[in-house]
Amino acid sequence: MATAIQRVAKDLCSLSPSIFHPLRQIQRLSRRLGPSPYLPHSHFFCKAASPQNEDSTQAAEALSRYNDRPWDYLESEEYIERYGASPVWEGYRRNHKGGIPPQTTRKTCIRGDKICGNPCPICRDPNTVIHHQNVKLLQQFISPHSGIVYDSTQTGLCMKQQKKLNEAISTAQDLGLLRFQIPYVKFTGEDFYSSHDAVGSTPPHPSLNSGDTWYKC
Amino acid sequence: MAGLSSARCLFRSCSRIKHVERSRHTLMRCGVRTFCGGAQDTGNARPQFTDAAVQDILSRITGLDLQKVFRPILQELNPPTYKLMTDEQVEQAVMGATEKAKKLLQMPPVLPERKPISDVLAEDKMLEGMDTAKFVFTDITYNIPHRERFIVVREPDGTLRKASWDERDRLVQVYFPKEGRKLTAPLIFKEENMKMVFAQDRHEDVLDLCLVQFEPDSSEYIRVHAAAYEDLDKHGKYELLCSTRHFGGMAWYLVNARRVDGLMVDMLKRLLFKDAVSLVSLFHMVHPNSESAKEAASQQATGTDLLKIYAQMESQRSGYIELALQAYEQTAAEGSAA
């Protein structure tokens, strides 16, 4: 039965690449069914039922704990255990074909309720939230020597999170939470006078006071 | 009757003469005010920030720490270059660096607040209700200074008026953008955010951002600078601005406000006696009618005597200043004896 499915899959593969994705799923299914094909399907669903509920409640609690203050997570034990002193994006590897990665990362990791395989360093940890007050997290994505924000090809962030990161960094710099290099202003050769007619007070036109208008109406 | 009328004529002529005299007085006073830059009677005219003597004193007390002026900044990094130099070449390089540092430490201008623009050019009731939005007409000729640029606003009710200073700054930034300046002021200049930044000892950053964003005679510029100087005075963190371009402005602000004690004590703690003496001389220059200034002028005092006179007459923390002076004189005596 499984071998028959595989043969059909291989034939269909040669037809067109658009059927490739669901066929991969069929192949995966056949591989799963391979070692123990006589286990009823309901067994798998029952197994996942109870721990799934506990996980979701735990995840919800964790989310709610750091929802209001996402910067507390970076001092917590779970963060230190998971990442240590290295930045959040260190060790992340993108999955792509060939030696040269695409110039842009994926558009987004989370679409609705579904999360993709191998999500980016921010999306894979629901507690790491990009917020303009979460200065420690933002600083992990800025070079300490040149002040330039790392590109998403270096850090592996999806485009949506990279955009959010850029906006959060500019807001934090605006509020004064993040340091940045301020351009030097020269004051030579500029006279700040207010005696010219454009900016000083000039006597009003006589027609203003007399009440006559220059047009006939 | 004739006597009365003649008396009335005499009275009228007298009053006219009085009015003429009064107007002449006011004219004289106006003249002195407008030409105060080139006033011959220096005793009456108040010393300005741009005077050579004042600038000389302020640049001297600012100091010149090359390590602080040329500290590493966030910029695009290149691999380092190495040069093999003789001692003379090193000295020349250091001299060149000090010249460049003096240019970098050029003090930003301190100007009085600009008067608001409120001139109406025309009131055309015919145009009332033509549109719901204002129209702004800007002269974008390239070769004229921004202060000579005509910017006028047509209101929905038909009045044509000159644009206010805020509108002017915003529109000049739209058509002739300056590097680093934003159309709306960054939120760092709000009270709460400034307090938070001052708590992190980043006064220099705030002042640099203020120089980039605002014009030197705008109310925002003056307000931010005053807030920064007040905070520095309150916490005694004068060395944050030492050997930066803002130190002169801070010293000038404190001297004008007659609150030089904190700065004086800080200088004595860091054993900068010459700087303290020049600060006192600047104080006497700006406030020649104060008691210590008159005493110093009468005694022709110089050096530590000036400090003593200031400590006795003017300062509230005279005890500390006198103690520091005594310690300095002791060390000087020991040094000369040994």
Side-chain angles (χ1 to χ4, degrees), chain A residues 71 131-133 135-136 138-139 141-151 167-217, chain B residues 72-77 103-104 106-109 111 114-115 117-126 139 144-152 162-163 165 168 178-182 184 186-190 192-194 196-197 200 202 204-209 211-213 215-217 245:
Chain A
W71 46 91
H131 187 73
H132 61 87
Q133 285 181 303
V135 176
K136 279 191 180 170
L138 295 179
Q139 268 169 346
F141 293 91
I142 304 173
S143 167
H145 310 291
S146 64
I148 303 171
V149 181
Y150 292 129
D151 196 34
E167 283 168 6
I169 286 173
S170 62
T171 327
Q173 285 172 347
D174 219 36
L175 282 166
L177 298 162
L178 265 182
R179 282 185 192 238
F180 60 101
Q181 186 56 34
I182 300 156
Y184 181 83
V185 181
K186 278 191 193 165
F187 284 103
T188 50
E190 258 187 69
D191 281 324
F192 299 98
Y193 49 84
S194 51
S195 54
H196 194 259
D197 285 344
V199 294
S201 58
T202 44
H205 197 260
S207 68
L208 263 177
N209 296 331
S210 64
D212 300 328
T213 47
W214 55 270
Y215 50 86
K216 289 175 199 167
C217 203
Chain B
I73 53 168
L74 294 172
Q75 62 181 7
E76 279 282 344
L77 291 175
K103 277 190 200 161
L104 282 175
Q106 175 214 36
M107 281 180 251
L111 299 166
R114 57 195 178 188
K115 290 180 203 135
I117 308 172
S118 52
D119 269 356
V120 174
L121 300 172
E123 280 178 26
D124 299 324
K125 292 293 166 194
M126 186 170 71
D139 178 15
I144 46 171
H146 294 314
R147 297 265 162 158
E148 291 179 20
R149 207 171 280 284
F150 278 93
I151 303 180
V152 295
K162 287 186 193 168
W165 280 114
R168 280 193 73 88
K178 248 185 167 176
E179 194 208 341
R181 198 177 274 205
K182 298 191 183 164
T184 44
L187 296 165
I188 198 174
F189 296 118
K190 293 204 165 160
E192 321 81 50
N193 297 326
M194 273 217 286
M196 185 259 304
V197 174
Q200 292 175 5
R202 281 168 53 197
E204 202 190 333
D205 289 347
V206 173
L207 290 173
D208 284 336
L209 275 169
L211 287 183
V212 166
Q213 182 64 30
E215 293 281 299
D217 51 359
R245 64 195 307 204

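Just so we're on the same page: letters track the sequence lines, and every chain starts at 1.
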Open item on the list: Can you tell me which of B:V206, B:D119, B:V152, B:N193 forms the most heavy-atom pairs within a distance under 4.5 Å of chain A?
Closed with: B:D119
Task: Neighbour count above 12 (heavy atom, 6.0 Å) for B:E192 CD - done: yes
TODO: With a 4.5 angstrom heavy-atom cut-off, could you sort out which part of B:M194 is near chain A: side chain, backbone, both or neither?
DONE: neither
TODO: Without swapping roles, check the side chain of B:R202 against the backbone of A:G176 for a donor-acceptor pair under 3.5 Å.
DONE: yes
TODO: Measure B:K190 against the heavy atoms of chain A and call it side chain, backbone, both or neither at under 4.5 Å.
DONE: neither
Open item on the list: Let me confirm one number: the NE2-CD distance from A:H196 to B:E148, rounded to the nearest 0.5 Å.
Closed with: 4.0 Å
Task: Proximal component of B:L111, with respect to chain A [non-hydrogen, under 4.5 Å] - done: side chain
- [ ] Identify which part of A:S195 has an atom lying under 4.5 Å from any heavy atom of chain B, answering side chain, backbone, both or neither.
- [x] neither
TODO: Answer with side chain, backbone, both or neither: which region of B:I151 has an atom nearer than 4.5 Å to a non-hydrogen atom of chain A?
DONE: neither
Task: Proximity breakdown for B:E215 and chain A, heavy-atom pairs closer than 4.5 Å - done: side chain
Task: Top contributor to chain A contacts, counting heavy-atom pairs under 4.5 Å, from B:H146, B:K103, B:Q106 - done: B:Q106
Open item on the list: What's the separation between atom CD in A:Q181 and atom CG in B:D208, rounded to the nearest 0.5 Å?
Closed with: 8.5 Å
TODO: Dump the intermediate steps for side chain to side chain contact (heavy atoms under 4.5 Å, CB included) on A:F180 and B:D205, then the final yes or no.
DONE: CA-CA 9 Å; A:F180 60 101; B:D205 289 347; over 6 Å; no
- [ ] List the atom of A:P183, the atom of B:G180, and the distance in Å for their closest heavy-atom pair.
- [x] CG-CA, 4.2 Å
Open item on the list: Quick check: under 4.5 Å, non-hydrogen atoms only, which of residues 167-175 of chain A neighbour chain B?
Closed with: A:D174, A:L175
Task: A:D197, part contacting chain B, at a heavy-atom distance under 4.5 Å - done: both
Open item on the list: Ignoring hydrogens and geometry beyond distance, is a side-chain donor-acceptor pair present between B:K115 and A:S201 at under 3.5 Å?
Closed with: no
TODO: Please state whether the side chain, the backbone, both or neither of B:D124 comes within less than 4.5 Å of a heavy atom of chain A.
DONE: both
TODO: Name the region of B:P145, side chain, backbone, both or neither, that has any atom closer than 4.5 Å to a heavy atom of chain A.
DONE: side chain
Open item on the list: I need the residue from B:V120, B:L209, B:L77 with the largest number of non-hydrogen atom pairs under 4.5 Å to chain A.
Closed with: B:L209
Task: Euclidean distance, A:Y193 OH relative to B:R147 CZ, rounded to 0.5 Å - done: 8.5 Å
- [ ] Any chance you could measure A:H145, atom NE2, to B:I73, atom CD1, to the nearest 0.5 Å?
- [x] 15.0 Å
TODO: Tell me, for B:V212 versus chain A, whether the close heavy atoms (under 4.5 Å) come from the side chain, the backbone, both or neither.
DONE: both
Task: Atom pair NZ/OG1 of B:K162 and A:T202 - distance to nearest 0.5 Å - done: 3.0 Å
Task: Cationic tip of B:R245 above A:Y184 ring, under 6.0 Å, 45° of axis - done: yes
